[in-house]
> 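Next up is a structure, given as structure tokens.
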Amino acid sequence: MHCTALSPALSSPSPAAGHAANMAVLPESRRLSLLLMAACFLLQALSAHAITRHYKFNVVMRNMTRLCSTKPILTVNGKFPGPTLYAREGDNVLVKVVNHVAHNVTIHWHGVRQIRTGWYDGPAYITQCPIQPGSSFLYNFTITGQRGTLLWHAHINWLRATVHGAIVILPKLGVPYPFPAPHKEAVIVLGEWWKEDTETVINQAMQLGVGPNISDSHTINGHPGPLSECASSQDGFKLSVENGKTYMLRIINAALNDDLFFKVAGHELTVVEVDAVYTKPFKTDTLLITPGQTTNVLVRANQGAGRYLLSVSPFMDAPVQVDNKTGTATLHYANTVSSSMASLTLVKPPPQNATHIVSKFTDSLRSLNSKEYPANVPQTVDHSLLLTVGVGVNPCPSCINGTRVVGTINNVTFIMPSTPILQAHYYNIPGVFTEDFPATPLHKFNYTGSGPKNLQTMNGTRVYRLPYNASVQVVLQDTGIISPESHPIHLHGFNFFVVGKGVGNYNPRTSPSTFNLIDPIERNTIGVPTGGWTAIRFRSDNPGVWFMHCHFEVHTSWGLKMAFVVDNGKRPSETLIPPPKDLPQC
């Protein structure tokens, strides 16, 4: 049925036609036409629910004071964290990013599927050249089949330390949450703060061949909180609640290099969604969120009047230095006599190396797998990859020890090209990348042991090519080279199902028997356990070039990254769109 096919006469019925009492006296053809017109109006009204939303992101410098120290930082629209981008499932989103600073900039819409619109994904030199100073770029994408909390952030160098914010995707109009609707919602962005300039921090570390300085504090919505250095009891983010009501917290880990625990003193948290995917609800008092992950929780305000501490603290169960400062904020009950004098209920953060808390939390995560929100887990595998993730040591004559620590996947340290891989793929530009990324380690060893004697890696801009709509299994295996360590691995352009995990080395004969192929959690970023492995599955149903990397920014800087090239399908709806005319040039 095409509403535009209605004749002008039928689109302007007589006044009598609008009265139900007169419908019966109309000819059959006339009644049918009016019913057809009413149906068209209804369809148009429903289609109008998906709208185009316009945003403008001005990237500007602003002076910010934290921990009694002031420094200039990059921001979007002068805010830290940046503005929240709101949309509904099905909406078209247009974001004009204007670069007013001296740095090259890109913005990545972390977790947005970008179906056929990889030009707008955002990672510098993977899908686009950076937006140069004084230039702009219009990002244009549609939210398809997703609802929940995601994040946006800069995707070049370490600029995302302060250039980041929330993406809130509401369900389509009239579609309820699959859990009791909260009274109110709040966005909570977890992060890190350096007194130094973060670009200076990583540039000096890369020049010297050593690890970068750790941050000076963790933050909640941009503030270290009331218990931080030189702060007052009134500093930091405040969440106001009313007794007896339920609130939904949309929690985002925008930190550069730390997995983070999150707690609310005296309150239980009910997890209902991660990475914009509904979960089977479960209760906990501690969340574990890796960089790039999001978690939505329901909190029932069921305590007495007063103030209750929110805390964010690091998780690290390996001998690796992290920022051990606890960021804080406060939950305030309404009708408390005086917020400044009200008692503050404290909370004790988990031990930094609390692996058992992390395992209990991750084991509790399950996809909702309902009729409305099924878990379509690939049951068979077309492409099976085993990828070791970790570090190596390469020669560096200019470095202080003559060597440099590097990141590696299957012993390949990824070298960023000067021409974006997506452009090279689309225009068949030779010499930018090679399609020989190894599907399995070239040299087998006891992966979670001390490693081989030769710790040197291969350098290259290597990709792994996938046909359209293949079912793919990737086993991500941590290594013990230098030290085992957890790695939050993020895959652009796809969600994946976390079908299995374990401690030690993955065994292709016995490990698959432990897989959950019914209701595994679905997400876009997963923490590979220290000294262990994680198995994920996805379907390569999105043509383009898709980055996969560790979301510890230090490891990405070191080269712990790779990319998939996914071919077009046979139909126009399975084909990458042409590049936009305003695509930035290098």
Side-chain angles (χ1 to χ4, degrees), residues 76-77 79-88 110-111 147-153 164-171 176-191 218-226 234-255 260-279 281 283-289 293-303 305-313 326-336 339 342 344-345 347:
V76 167
N77 298 349
K79 298 180 179 180
F80 170 64
T84 297
L85 189 155
Y86 288 93
R88 287 193 181 274
H110 184 116
R147 76 294 302 166
T149 305
L150 297 170
L151 69 152
W152 58 264
H153 60 77
H164 60 249
I167 301 175
V168 172
I169 307 171
L170 300 171
Y177 293 132
F179 47 81
H183 172 62
K184 285 185 179 179
E185 303 181 8
V187 170
I188 295 183
V189 180
L190 313 179
H218 291 107
T219 59
I220 298 179
N221 282 351
H223 296 274
Q234 296 303 298
D235 284 348
F237 171 70
K238 300 176 183 65
L239 176 65
S240 297
V241 300
E242 296 179 39
N243 191 276
K245 294 186 176 179
T246 299
Y247 297 80
M248 184 160 73
L249 309 184
R250 298 177 177 269
I251 308 165
I252 297 165
N253 185 348
L260 296 173
F261 290 119
F262 178 83
K263 294 176 70 75
V264 181
H267 293 75
E268 202 169 41
L269 310 173
T270 301
V271 177
V272 293
E273 180 230 300
V274 297
D275 290 6
V277 175
Y278 293 135
T279 69
K283 297 181 184 298
T284 181
D285 64 355
T286 306
L287 306 180
L288 184 280
I289 312 179
Q293 289 184 340
T294 68
T295 303
N296 283 9
V297 299
L298 300 178
V299 181
R300 180 76 172 170
N302 56 7
Q303 300 298 306
R307 299 182 300 147
Y308 296 79
L309 202 68
L310 282 64
S311 74
V312 53
S313 60
T326 298
T328 56
T330 49
L331 181 150
H332 290 241
Y333 273 81
N335 301 322
T336 298
S339 60
L344 177 61
T345 301
V347 62

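Just so we're clear, the structure is a prediction, and the values are computed from it rather than from any experiment. Note that the numbering runs from 1 along the sequence shown for the chain.
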> Under a 4.5 Å cut-off applied to non-hydrogen side-chain atoms, are L269 and V299 in contact?
yes
> Measuring only between side-chain heavy atoms, which start at C-beta, is R300 closer than 4.5 Å to Y247?
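Side-chain contact under 4.5 Å: no.
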> Taking all non-hydrogen atoms of both residues into account, name the closest pair between T294 and A276 and its distance.
OG1-N, 4.0 Å
> If we ignore angles and hydrogens, is there a donor and acceptor under 3.5 Å between the side chains of T286 and K263?
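Looking only at side-chain atoms, K263 and T286 do form a donor-acceptor pair, the distance falling under 3.5 Å.
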> Could you check whether any side-chain N or O of R88 sits under 3.5 Å from a backbone N or O of P171, counting only pairs where one atom can act as donor and the other as acceptor?
yes
> Are I167 and L151 close enough that some pair of their side-chain heavy atoms sits under 4.5 Å apart?
no
> At what distance, to the nearest 0.5 angstrom, does CG of L310 lie from OG1 of T326?
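Between L310 CG and T326 OG1, I get 12.5 Å after rounding to 0.5 Å.
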> Taking side chain to side chain donor-acceptor pair (under 3.5 Å) as the test, write out the residues that go with T279, two or more places apart.
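Result, side chain to side chain donor-acceptor pair (under 3.5 Å) vs T279: none returned.
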> Please find out if less than 6.0 Å separates the ring center of H164 from that of F80.
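Centroid distance H164-F80: below 6.0 Å, so yes.
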> Under a 3.5 Å distance rule, please check whether N221 uses its side chain to pair with a backbone N or O of V187 as donor and acceptor.
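Between the backbone of V187 and the side chain of N221 there is a qualifying donor-acceptor contact (under 3.5 Å).
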> Does L309 form a side chain to side chain contact (heavy atoms under 4.5 Å, CB included) with L344? I'd like the steps, not just the answer.
CA-CA 7 Å; L309 202 68; L344 177 61; 4.2 Å; yes
> Can you say whether the rings of Y278 and F179 are parallel (under 30°), tilted (30 to 60°) or perpendicular (over 60°)?
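The arrangement is perpendicular - the two ring planes meet at more than 60°.
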> Would you check if the side chain of T330 reaches a backbone N or O of Y308 as a donor-acceptor pair within less than 3.5 Å?
no
> About how many Å separate OH of Y86 and CG of L170, when rounded to the nearest 0.5 Å?
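So the gap between those two atoms works out to 8.0 Å.
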> Return yes if some donor-acceptor pair links the side-chain N/O of E273 with the main-chain N/O of T149 below 3.5 Å, else return no.
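Checking the backbone N and O of T149 against the side chain of E273, a donor-acceptor pair under 3.5 Å is found.
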> Provide the closest heavy-atom pair for Y333 versus A305 in the form atom of the first, atom of the second, distance.
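Heavy atoms only, the tightest pair is CB-CA, 4.0 Å.
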> Are any of the side-chain heavy atoms of K184 and V241 separated by less than 4.5 Å?
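Side chain of K184 against side chain of V241, heavy atoms only: no contact under 4.5 Å found.
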> Give, for atom CG of L298 and atom CD of E185, the distance between the pair rounded to the nearest 0.5 Å.
9.5 Å
> With E242, which residues qualify under salt bridge (charged side-chain N to carboxylate O under 4.0 Å, His left out), at least two apart?
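Here the qualifying residues are K245.
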> Between D285 and E268 (side chain of the first, backbone of the second, donor and acceptor by atom type, cut-off under 3.5 Å), is there such a pair?
no
> In Å, rounded to the nearest 0.5 Å, how long is the span from CG of L190 to CD1 of I252?
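So the CG of L190 and the CD1 of I252 are separated by 8.5 Å.
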> Test your reading of the model: is there a side-chain donor-acceptor pair from N253 to the backbone of A255, 3.5 Å cut-off?
yes
> Could you go step by step and tell me if F262 and T295 meet the side chain to side chain contact (heavy atoms under 4.5 Å, CB included) rule?
CA-CA 10 Å; F262 178 83; T295 303; over 6 Å; no
> Do T270 and K283 come close enough that some side-chain heavy atom pair is under 4.5 Å?
yes
> Answer whether the closest heavy-atom distance between the side chains of H267 and N302 falls below 4.5 Å.
yes
> State, to 0.1 Å, how close L150 and H110 come at their nearest heavy-atom pair, and which atoms those are.
CB-O, 3.3 Å
> Determine yes or no for a side-chain-to-main-chain donor-acceptor pair under 3.5 angstrom, with N243 supplying the side chain and Q303 the backbone.
yes
> Find out whether N296 and R250 are in side-chain contact, i.e. whether some heavy atom of one side chain is under 4.5 Å from a heavy atom of the other.
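Counting from C-beta outward, N296 and R250 do come under 4.5 Å.
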> Is the shortest heavy-atom distance from the side chain of I188 to the side chain of I220 under 4.5 Å?
yes
> What's the shortest heavy-atom distance between P224 and G222, and which atoms?
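Shortest heavy-atom separation between P224 and G222 comes out as CD-O, 4.2 Å.
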